[in-house]
Structure formats: structure tokens, C-alpha cells
Amino acid sequence: MKQFKKWAKKPPLGWNSWDCFGAAVNEKQLRENADYMAKNLKEYGWEYVVCDIQWYEPHADNNDYHNFTELCMDEYGRLLPAVNRFPSAKDGKGFSEIADYVHSLGLKFGIHIMRGVPRQAVAQNCKILGSSSTCRDIAHHFSVCSWNTDMYGVYNCEAAQQYYNSIINMYAEWGVDFIKCDDICVTEYRKWDNPYSADYEIEMLRKAIDGCGREIVLSLSPGPALRDKAEHLCKNANMWRLTGDFWDVWDKLYDMFDKCKEWEGVTAEGNFPDCDMLPIGRIAKNSTYYGKNNRMSQFTEPEHYTLMTLWGIFRSPLMIGGNLPENDAFTLSLLTNAEYMNMNQNSYGAKQILRDEKNGKGTIIWASNGKGCKYAAIFNTDAKERKIKFDLTEILMPDTSYNVYDVWQKAEIGQVRNTLTVTVAPHGARLFKITK
């Protein structure tokens, strides 16, 4: 059997429906975003179209959840797409037709799931496919999500593994290529959460995916993942969240510098610490999370560059949050910068070189290695413009001339030797490729 980590050799690139549609995304919107990606982004490496939470909830209408609502489900307690939102799912076809359509565009299809078994399946005592046990037998009534009422966690038992096998096999039959599992990434608040441990449910997912016969990327949410769980995460998942939900506010972006430093050096083929989605373009169409409803991203243009530059040089997976057909020219330019995409996909050894701040304002510099080049990212965390000098001997041989290319401006800077001095906008970033 193939090693799962070979299934995601590079950071996954795609679009996820949460930031723009919340729990209310429908089939038309999925297809429209897939069409846009195929036409405008596919040539730059973007490939995953991911349907986020509660696709099985007929009445979902925003970013909030209807507590203990009725869900669409089969006789074996497996959740199914709500036909009123996803008409092609009729007659038990699930997401097969949507996945086929996405695949016909040369793209890949993904879905969001919650860990565990539906409370509705437990109440109805549904039989587990391939098992003599029922959903009631595996439900762990102490193990519940604090922000969504749909599911129970499960006990660490063979019947629970059979339930996970049954849903993953169904998703594989549908043609699913990517699974984002929520309420499962080990977080700080679970340190005291006894007797429940997320570890064994992650392992059950890993075993089910390995046995389903399809290469499915596994993403874990919500975070913050614990750094001391890195070895376990690397053995079982392709990507895992470093934070809770990330939105378009500076404080959340600034906090990510600490998270990236904490996880520095963990990234490897098949294993990608995840900074979360890119809340850029048209977002929050059904909510007022962290700003007004139906807005373009609140990040300033310099903050957009900081967001993209940090995610890129750290080699985070990149999942676009905005509704793609409503992208403006600036947003599209960020997503179609070939040198930036090459850095995110193919660089290595990213590390923080300098952090010089006072009261959270100052300079941060990251660097990484590319094929025959170095990348340098210079960040200004101050609220005013700064002129920043970077000692290139930190990453290069001294007294040698190097060519410097401005990645975002797509412009040659010229030759430099030992120092590079640049002006950086408030909360902004500059990104350079350096070659001999």
C-alpha cells in the first residue's frame, strides 16, 4: 500500500466555501467556483474545490448552526447531501455528480466532515454498515463538540472503526479527493478533556482512508494544534490547523507570526502545518463575522501582501476563502503570481531570520531556499512606513554580487552585495528572489 504522505507531496492549493458561504453553500455555487478555478487558476496549480460544513443540513442559511436540527442521513447513519441544496444528490447519488463535474475540469473535489457519529443516528439506533453493532453502541456521550450539536465523538473500539470505514468508503465511491475533518485537531482546551482523546479518532480516519482504495488528502481542524503532537500529526494527517478560524483582521494576522515560528521546521513532503484559509476577495456573504455582511476583505493592500507572503514562504496550504467569480483584479493578481506559487510549492528550509520589534511594532524577516536561489520576506509590523535594512550575509556568502527580483512587483531590483535596504508599507511585506 502507498504511504499516505506521498498523496500530498506539496502544499495543497484550492478553494473552500466557508469564508464566503458559511454552512449555506449550494451546488450552483460549488460549480461556479469550480468553473472559475478551471478557467483562471488551474494553470498556476490551484486544484481543490472543497464544500465546507453542514452540506447535509437542509435549512442551513448562514455561518451559524441550527441546534439539534434534522439532518439528511441514510439507514446506516451516514450523512448525505441535502437534495434541496444539491439537486444532483437525489436518488442516493451523494456528491458523485458534482465530483465528476469537478474532475471533468481537471480539478479535485473535497468535503468537510465532523468527527464522530451523528446524534440523530444514535437516537435512531442505526445499524453500522458491515458490523453487528449500532451507532448507539459507539457514541461517546461525554465527547461532544462545544460549538456544533450534530455529532457525538466515538469510543475507541472496533465498531467505531467500522463506522469510519463505512463513511470513508462512501466518500471514495463519490470521488472525494480531500477531507477536512473538524473538531478533531488537538487543541489547548482538550488538555483537561478526560477521558476523551482526539488521537485515536485521527488514527481511525487514517486507517479508513488507507483502506478505501482512493488517495484522499486529510486535513484536520480547528486548532490550535499542539506542537508536542507534531509527530503524531505527521504520521496521520497531511495538514493541520495552527489556529481557530482565521479572519480578515490585523490582530489575527499578526498572531500568525508566532504560530509559524512555533512550527518552523516541521513542514515536509506530505505534512503541512496549516495557517488556515485566505480570507480575500468577496467573503462573509451570509454572516457578519469580524465585519460587515457580504464584504470584500478588510485587509489593506499591504496586509494582503503580508498574508500571502507569510503563508507562502512558510509553505502553508493555500485555501482561498472568497467567492472566486467576484474576485477583483488585485485579488486575482495575488493568486496568479507564478514565482510566488513556485516558492510555496517548491522551496524548503523556511525559517525566521530576524524579529526586531518594540511593543509589537517593527521588523520580521523570513528566508527559505529555492532551486538555485534564496527567498527573503521582509515584514513591517508597524502602523507606519519603515525603511528596513537586511544583512544578506545572514543567508548568503559575503562580498558576492547577487541579483534581486521583487516577486510581487515582478521587477528586477538589480545587483546587491551585503545588504538590501527597502521601504515597506505599514503592516506590509516585500518578497524577493535572490540569485547569483
Side-chain angles (χ1 to χ4, degrees), residues 11-25 29-30 32-33 36-37 40-41 44 46 48-50 52-53 62-64 180 221-223 241-257 259-260 274-314 316-337 340-341 344 377 379-383 385 407-409 424-431:
L13 305 172
W15 171 84
N16 178 292
S17 61
W18 172 254
D19 282 359
C20 47
F21 298 114
V25 68
Q29 292 159 346
L30 289 180
E32 288 174 347
N33 278 273
Y36 182 97
M37 183 180 290
N40 299 284
L41 303 179
Y44 296 92
W46 301 93
Y48 289 99
V49 176
V50 181
D52 209 86
I53 195 167
N62 56 38
N63 287 60
D64 295 320
K180 172 185 174 183
S221 288
R241 286 265 296 278
L242 305 188
T243 68
D245 284 1
F246 178 82
W247 285 97
D248 51 331
V249 291
W250 170 251
D251 287 350
K252 285 183 172 288
L253 178 52
Y254 179 74
D255 288 345
M256 195 60 68
F257 285 105
K259 289 297 180 184
C260 290
D274 178 15
C275 294
D276 199 17
M277 289 185 289
L278 302 168
I280 60 176
R282 177 68 65 177
I283 61 174
K285 294 177 73 68
N286 299 312
S287 76
T288 55
Y289 277 22
Y290 291 95
K292 67 179 183 179
N293 174 268
N294 195 18
R295 65 181 183 268
M296 294 300 285
S297 177
Q298 298 171 132
F299 283 133
T300 65
E301 185 171 305
E303 288 168 351
H304 274 79
Y305 285 127
T306 291
L307 167 72
M308 295 298 293
T309 301
L310 182 59
W311 268 234
I313 200 163
F314 181 70
S316 172
L318 303 177
M319 288 286 165
I320 306 160
N323 187 35
L324 296 179
E326 296 183 79
N327 276 349
D328 57 15
F330 174 66
T331 303
L332 181 59
S333 74
L334 298 173
L335 305 174
T336 55
N337 184 302
Y340 170 82
M341 300 306 297
N344 173 260
F379 302 95
N380 174 16
T381 58
D382 203 342
E385 182 179 277
V407 173
W408 289 122
Q409 299 305 313
V424 187
H427 293 178
R430 303 286 298 275
L431 178 61

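Everything numeric here is computed off the predicted structure, so don't read it as measured data.
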### Task
Establish, from distance only, whether the side-chain atoms of Trp408 and Thr309 form a donor-acceptor pair under 3.5 Å.
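Per modelled atom types, Trp408 and Thr309 side chains form a pair under 3.5 Å.
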
### Query
Measuring from Leu307:CG to Leu318:CG, what's the distance to the nearest 0.5 Å?
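Rounded to the nearest 0.5 Å, the CG-CG separation comes out at 9.0 Å.
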
Is the backbone of [Y] close enough, under 3.5 Å, to the side chain of [X] for a donor and an acceptor to pair up by distance?
X      : Y      : result
Trp46  : Asn40  : no
Tyr340 : Met308 : yes
Asn344 : Ser316 : yes
Glu303 : Thr300 : yes
Ser287 : Asn62  : no
Thr331 : Asn327 : no
Trp18  : Met277 : no

### Partners meeting side chain to side chain donor-acceptor pair (under 3.5 Å) with Gln409 (sequence neighbours left out)
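Scan of Gln409 (side chain to side chain donor-acceptor pair (under 3.5 Å), adjacent residues dropped) gives none.
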
### Query
Do the two ring centres, one from Trp247 and one from Phe299, sit under 6.0 Å apart?
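No, ring centres 6.0 Å or more apart.
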
### Query
Looking at the rings of Phe379 and Tyr254, which for Trp means the six-membered one, are their centres under 6.0 Å apart?
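Not close enough - the centres of the two rings lie 6.0 Å or further apart.
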
### Message
Run Asn63 and Asn286 through side chain to side chain donor-acceptor pair (under 3.5 Å) and show every step you take.
### Response
CA-CA 6 Å; Asn63 287 60; Asn286 299 312; 5.4 Å; no

### Task
Show the numbers, then the answer: is there a salt bridge (Lys or Arg N to Asp or Glu O under 4.0 Å) between Asp248 and Arg295?
CA-CA 11 Å; Asp248 51 331; Arg295 65 181 183 268; 2.7 Å; yes

### Query
If you measure from the Lys or Arg side-chain nitrogens to the Asp or Glu carboxylate oxygens, is any gap between Arg241 and Asp274 under 4.0 Å?
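Between Asp274 and Arg241 there is no salt bridge, as every charged N stays at least 4.0 Å from the carboxylate O atoms.
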
